[in-house]
Amino acid sequence: MNKKYLPSALILYLNYFIHGVGCSILGQAVIKEALATAWGVEAMAITAISAALGLGRLIALPFAGPLSDKLGRRISTAIGSASYAIYLIGLALAFNAGTSGGYTIAYVCAVLGGIANSFLDTGIYPAVSEIIYKAPGIATMGIKFFIAIAQMLLPFVLGATVATTAAGLTSYNSLFYGCGIIYLVLFVLVFLFPLPDADQMAAGKKEGLIDSLKHTHFSFESIAMILIGFTCTGTFQLWLNCAQNFAKENVGWADPSIMQTYYSAGTLIALVVTALLTRKIKDVRFIVIYPIICLATLIVVLTGQNQTLMIAGAFIIGWAGAGGLLQIATSVCNMLFPKIKGTVTALVMIASSLCNYTILTAASKMQPSQVMIMNIVLTAVGVVLGLFVNIRYKKMVELAEAEN
């Protein structure tokens with residue numbers, strides 16, 4: 001890595017540190033209850049707001065990826081930072097609106113948050129891969145590392161930011177406002193430091209998007225690879241947004257928020273261990289190994305139903321479901337399509353966002369035990385896709401080498 005890009009990499013990763021809070025807050029049982037009380041809805045209805053994040057990503061990703069390839073990673077990241085600030089501050093405004101349209105305001109803000117996430121993904125994933133070009137898999141797993149640190153700290157941050165309004169409602173507005181302001185600072189900082197693709201464009205070395213797409217061939221194997229973005233997202237998002245509700249209603253655990261810390265700890269450890277293992281094991285192997293582990297864990301949790309299994313399940317799903325699996329899938333796709341990294345990242349994230357919207361929308365209308373069953377089925381599909389990709393991986397590499 002060129003040392004001049006080190007501050008740039010830190011700024012990019014910090015965007016995902018705050019994103020770790022933004023993408024997790026609506027999955028916390030205490031926040032769900034606080035918002036549901038303010039808006040006069042059921043707690044599980046807040047899951048639909050989380051689904052709106054996926055809708056926003058679906059709206060933006062088709063043009064966010066090509067925009068990143070054409071105009072550069074800086075512009076894409078800046079749009080993401082600014083939009084995310086609006087989303088987080090908007091949640092606070094929605095809470096204040098209460099039953100007078102608060103739920104609707106939050107839904108609209110969440111759509112904007114999903115749009116923000118799209119621009120961050122298509123700007124930052126390729127950017128860190130270009131900065132740490134000798135280890136792109138580790139570079140993208142670094143994104144998940146920063147997300148996981150934020151998620152692990154989140155339960156403690158919730159305790160520090162909780163407040164009671166004059167009307168007697170529980171509020172977390174200081175957390176929403178604080179994260180929104182940090183994103184505005186990051187928006188400014190991203191313009192102050194260099195990025196590799198900007199240097200390449202200045203030197204006239206970057207191939208145009210249309211020319212790159214003309215020479216790109218999407219095989220059945222690469223399509224399966226992209227679809228893994230759907231299944232692996234479903235595994236950890238359903239757990240992240242609904243497992244605490246399962247623990248409360250099916251296990252009888254009054255306050256399961258500590259599960260978030262175990263989930264995040266599993267993710268952090270997995271990122272370090274997986275990064276070390278990728279030196280000896282091909283990245284693509286994890287795309288089948290980790291889903292198998294998740295599948296077995298979900299089945300045990302559903303059948304066992306006790307606090308110990310919930311804690312163990314949180315740690316294992318954090319490890320095998322959220323411990324860099326989506327990032328590995330994205331890295332492999334970027335390796336197969338090096339000339340259109342932003343666009344192919346968008347394709348993986350479209351699959352991921354489609355899952356966020358459809359699966360979480362469905363989950364918001366289901367009982368927690370039904371959500372767990374749905375997660376088992378979805379994860380099983382991911383196992384099948386992972387097996388197919390691994391069997392055909394050699395052919396995928398040969399096609400990529402022939403095209404590039």
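Given the structure is predicted, the values throughout are model-derived calculations rather than measurements. All residue numbers in this chain count up from 1 along the given sequence.
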Is a donor on one side and an acceptor on the other found under 3.5 Å between the side chain of [X] and the backbone of [Y]?
X    : Y    : value
Y13  : I147 : no
Q28  : S24  : yes
T274 : L271 : no
T165 : L169 : yes
Q305 : V251 : no
W239 : L298 : no
S8   : P194 : yes
N390 : V284 : yes
R57  : Y357 : no
N375 : T235 : yes

Close side-chain approach of [X] and [Y], heavy atoms under 4.5 Å:
X    : Y    : value
L158 : L154 : yes
S353 : L61  : yes
H19  : I143 : no
F246 : L302 : yes
V190 : R73  : no
F17  : L186 : no
L195 : L12  : yes
K248 : W253 : no

Between [X] and [Y], which heavy-atom pair has the shortest distance, and what is it?
X    : Y    : value
I49  : A106 : CG2-O, 4.0 Å
I287 : L325 : CA-CD1, 3.8 Å
Y103 : A48  : OH-CB, 3.5 Å
A92  : N173 : CA-OD1, 3.3 Å
V288 : V383 : CG2-O, 4.1 Å
C242 : T47  : SG-CG2, 4.4 Å

Evaluation steps, side-chain contact (heavy atoms from CB on, under 4.5 Å), between I328 and T140: CA-CA 7 Å; I328 289 175; T140 55; over 6 Å; no
Flag for N356-T233: side-chain donor and acceptor within less than 3.5 Å: no
Pair S50, N241: side-chain N/O donor-acceptor within cut-off below 3.5 Å: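 Yes.
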Nearest-0.5 Å distance, [atom1] of residue [X] to [atom2] of residue [Y]:
X    : Y    : atom1 : atom2 : answer
L10  : L6   : CG    : CG    : 7.0 Å
L240 : L26  : CG    : CG    : 10.0 Å
T379 : L295 : OG1   : CG    : 6.5 Å
Y290 : I317 : OH    : CD1   : 12.5 Å
L378 : I373 : CG    : CD1   : 14.0 Å

Residue that, paired with T358, satisfies side chain to side chain contact (heavy atoms under 4.5 Å, CB included) out of T361, L360, L354: L354
Matching residue for F95 among L35, T170, I31, I105 - test: side chain to side chain contact (heavy atoms under 4.5 Å, CB included):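 Single side chain to side chain contact (heavy atoms under 4.5 Å, CB included) partner of F95 among L35, T170, I31, I105: L35.
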F156 atom CZ, over 12 foreign heavy atoms within 6.0 Å: no
Y262, OH: over 12 other non-hydrogen atoms inside 6.0 angstrom: no
Contacts of type side-chain contact (heavy atoms from CB on, under 4.5 Å), residue L385, not counting sequence neighbours: A224, L227, I228, T231, V381
Check against ring-ring contact (aromatic ring centres under 6.0 Å, His included), Y16 and F146: CA-CA 6 Å; Y16 276 96; F146 275 81; 9.3 Å; no
Worked check of ring-ring contact (aromatic ring centres under 6.0 Å, His included) between Y183 and Y84: CA-CA 7 Å; Y183 260 123; Y84 230 129; 4.8 Å; yes
Salt bridge E42-K365, side-chain N to carboxylate O under 4.0 Å: no
Salt bridge (Lys or Arg N to Asp or Glu O under 4.0 Å) against K282, all qualifying residues, sequence neighbours excluded: none
Stepwise side-chain contact (heavy atoms from CB on, under 4.5 Å) test for L93 and Y177: CA-CA 9 Å; L93 298 177; Y177 282 127; 3.7 Å; yes
Trace of the side-chain hydrogen bond (donor to acceptor under 3.5 Å, both in side chains) decision for Q260 with S264: CA-CA 6 Å; Q260 177 69 55; S264 301; 3.2 Å; yes
NZ or CZ of K144 within 45° of Y125 ring axis and under 6.0 Å: no
C355/Q237 under side-chain contact (heavy atoms from CB on, under 4.5 Å): CA gap, chis, key distance, verdict: CA-CA 9 Å; C355 178; Q237 282 288 14; 5.9 Å; no
Contact list for residues 253-262, test salt bridge (charged side-chain N to carboxylate O under 4.0 Å, His left out), sequence neighbours left out: none
Chi angles and distances behind the side-chain contact (heavy atoms from CB on, under 4.5 Å) call for L71, S76: CA-CA 8 Å; L71 299 183; S76 186; over 6 Å; no
Check against side-chain hydrogen bond (donor to acceptor under 3.5 Å, both in side chains), T122 and S68: CA-CA 6 Å; T122 55; S68 173; 4.8 Å; no
